[in-house]
Participant: 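Below is one structure. I have some questions about it.
Chain A is the first sequence line, chain B the second, and so forth, proteins listed ahead of strands; every chain is numbered from 1.
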Amino acid sequence: MRKLYSALKIICLVALGITLICLVAVIAYVLIKGTGKLSFDLLFGDYKSSPSILPAFVGMLELVAIASLIAVPIGVASAIFLVEYTNNKGKLVRIIQVATETLAGIPSIVYGLFGYLIFVVAFGWGYSIIGGGITLAIMILPTIVRSTQESLLSVQGGLREGSYALGASKVRTIFKIVLPSASGGIVTAIILAIGRVVSESAVLILTIGMVVNKVPQNLLSPGTSLALDIYYFASNGYRDEAAATSVVLLVFVIFLNLLASGIGKLIKKSTGEEK
Amino acid sequence: MIDFTGKMNISVKDCNLYYGDFHALKNINIEIPEKQVTALIGPSGCGKSTFLKILNRMNDLVEDCKITGSFKIGNIDIFDKETDINALRKNVGMVFQKPNPFPMSIYDNIAFAPRTFGIKKRSELDEIVENSLRRASIWDEVKDRLKKSALGMSGGQQQRLCIARSLAANPKILLMDEPTSALDPISTGKIEELMEELKKDLTIVIVTHNMQQATRIADNTAFFLLGELIEYGATDDIFSSPGDERTERYITGRFG
Ligand SMILES: Nc1ncnc2c1ncn2[C@@H]1O[C@H](COP(=O)(O)OP(=O)(O)OP(=O)(O)O)[C@@H](O)[C@H]1O
Ligand SMILES: [Mg+2]
């Protein structure tokens, strides 16, 4: 028995070691390969003589703006309706629950195909930033609804009762009491969703094209994003540039994750829920 | 507009309340006089909170809750279609068992109700905030930290803040559901003194599990059991010579 136990322990330790090595190896490899190649030309160049990720920066910002401008208001409003107006019960809520859960689990390439067939083909927009942005909005919508629902549900019932008991209307209760109390969780969820937009690639291959060498002129232009640049560079022999772009993307995603937890804490602090 | 300037006695006739199929209040008839403290006592689950929540229509928030009977405050019919529920709740304040300060500053907590009813002027709000905190005898403890979060206060302070928050709406009736059950004796004492003071202008209905508290503060006491009002009268009478055997057993601590 004793032997079995210590063998088990060793197996678990080895497994943990492999996990750690994988994690560190990926990050370290990317950093080592990529950091040296980071240059002004790569970051901000005009793509005349050497590759640049400036078009991808612009594309990314536009995609984030479009996706969040669409998905955040619609998602948050839907969640408010479900939680505050239907008590999160009933048939409609069940259906939406199942739909959002299913949608959240669909591989992103399927959203990409949808966006391709609708925006690129049916609408005749061709590859465009706007088509990609809308597709990404649809992709992050379920997550935003779900996490906003969770945040609203976690607001103590006593606060709503307290507000109603003072003669406040439902709308005032929602906007002055419930939403501020839930805002930490909601903002965190939005930032994490933005993280998905920043790192998404499959959807974009099918919707914005992969025009890596031109800053998009307007929202109907095709474009690129950081993740697409990595794919393009790697498959066209610019391996070091691909690694350097990965470093940039990695930094962005880590920054967004830190921001998400930081802002959640900050909002809690400002309302006094945490000291 | 409903007029809450008249007499503020509460008159309930043939009150029945159902949660779905569950008959929670059975044929309650009670007359609660104005500007006095009336205590509701009875074992857990007998319907005290349910009864209290009829008076400011908090049961409207409960699905499947059906209420029949006649409910009047002065000559206002609580459930009349003409009766604006928000105006009713402004005039019939409620303090809950668990202090529920809003996650905002002490000042904003108190200013919440006046702002709800359209008061925006800073000087006016300042005055209401100070007055309400003074009436709830907590002004001296918080006057230097009005901008600080209300969640940083002690439980007893939070409860007095919640009382002040209700008072800021300038209610005519105050409903209190076990307001001191989570508090230490000193905070409890402060809140009891407060009720003594407040009943000069206000009608107070309080739910309590504490018999001593009822005898200390209540002019009238109503004993509920399993959704029925068993006995109701002057507190002195109820406690010195209960008319019903079940009342006697409850107040002497032999059941419930
Ligand atoms: N929202 C609700 N839905 C269904 N039943 C309820 C609801 N609220 C209360 N009840 C039931 O109604 C009865 C009376 O509840 P109520 O809360 O009024 O009791 P109470 O006298 O205030 O008890 P306590 O002293 O424990 O606070 C209980 O049996 C309770 O289970
Ligand atoms: Mg109760």
Participant: Go through it in stages, so that I can follow the logic: the residues are B:Arg115 and A:Lys176, the test is side-chain contact (heavy atoms from CB on, under 4.5 Å), and I'd like the CA-CA distance, side-chain angles, deciding distance and then a yes or no.
Facilitator: CA-CA 11 Å; B:Arg115 280 178 177 144; A:Lys176 293 288 168 181; over 6 Å; no
Participant: Distance from B:Ile85 atom CD1 to A:Tyr164 atom OH, nearest 0.5 Å?
Facilitator: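 The CD1 atom of B:Ile85 sits 10.0 Å away from the OH atom of A:Tyr164.
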Participant: Quick check for you: among B:Lys148, B:Met58, B:Lys90, B:Glu63, which has the greatest number of heavy-atom pairs under 4.5 Å with chain A?
Facilitator: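 Result: the option with the highest number of such pairs is B:Met58.
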Participant: Identify which of B:Lys53, B:Arg57, B:Arg165, B:Lys98 forms the greatest number of heavy-atom pairs closer than 4.5 Å to chain A.
Facilitator: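 Looking at each option in turn, the highest pair count goes to B:Arg165.
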Participant: Under a 4.5 Å heavy-atom cut-off, does chain A meet the side chain of B:Val92, its backbone, both or neither?
Facilitator: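 Contact with chain A: backbone only.
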Participant: Kindly give the heavy-atom pair with the smallest separation between B:Asn56 and A:Ala165, and that separation in Å.
Facilitator: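 Looks like ND2-CB, 4.2 Å.
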Participant: What's the spacing between A:Ser181 OG and B:Met104 CE if we round to 0.5 Å?
Facilitator: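 Taking OG in A:Ser181 and CE in B:Met104, the distance rounds to 7.0 Å.
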Participant: Which bit of A:Glu161 is near chain B, if near means a heavy-atom gap under 4.5 Å: side chain, backbone, both or neither?
Facilitator: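 Both backbone and side chain of A:Glu161 come within 4.5 Å of chain B.
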Participant: Heavy-atom count check: over 12 atoms from other residues, nucleotides or ligands less than 6.0 Å from B:Asp184 CG?
Facilitator: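 Atom CG in B:Asp184 is crowded, with more than 12 foreign heavy atoms closer than 6.0 Å.
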Participant: Heavy-atom cut-off 4.5 Å, strictly under: side chain, backbone, both or neither for B:Pro101 against chain A?
Facilitator: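 Backbone only.
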Participant: By a 4.5 Å heavy-atom criterion (distance strictly below it), what part of B:Phe96 contacts chain A: side chain, backbone, both, or neither?
Facilitator: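 Side chain of B:Phe96 only, per the 4.5 Å heavy-atom cut-off to chain A.
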Participant: Can you establish whether the number of heavy atoms outside B:Phe117 located under 6.0 Å from its atom CZ is more than 12?
Facilitator: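 Yes, the 6.0 Å shell around CZ holds more than 12 heavy atoms from other groups.
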Participant: So does B:Glu127 have more than 12 non-hydrogen atoms from other groups sitting under 6.0 Å from CD?
Facilitator: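 Atom CD in B:Glu127 is not packed in, count stays at 12 or less.
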Participant: Mark yes when over 12 heavy atoms from residues, nucleotides or ligands other than A:Glu101 sit less than 6.0 Å from its CD; otherwise mark no.
Facilitator: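 Count over threshold, so yes.
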Participant: Does NZ or CZ of A:Arg172 lie under 6.0 Å from the centre of the six-membered ring of B:Phe112, at an angle within 45° of the ring axis?
Facilitator: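 Yes, A:Arg172 sits over the ring of B:Phe112.
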Participant: Around atom NZ of B:Lys147, are there more than 12 heavy atoms of other residues, nucleotides or ligands at under 6.0 Å?
Facilitator: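 Enclosed: over 12 neighbouring heavy atoms sit under 6.0 Å from NZ of B:Lys147.
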Participant: How about B:Met94 and A:Leu166: do any of their side-chain heavy atoms sit closer than 4.5 Å?
Facilitator: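 A side-chain contact under 4.5 Å is absent here.
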Participant: How far apart are the closest heavy atoms of A:Leu159 and B:Asn100, and which atoms are they?
Facilitator: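 It is CD2-O, 3.9 Å.
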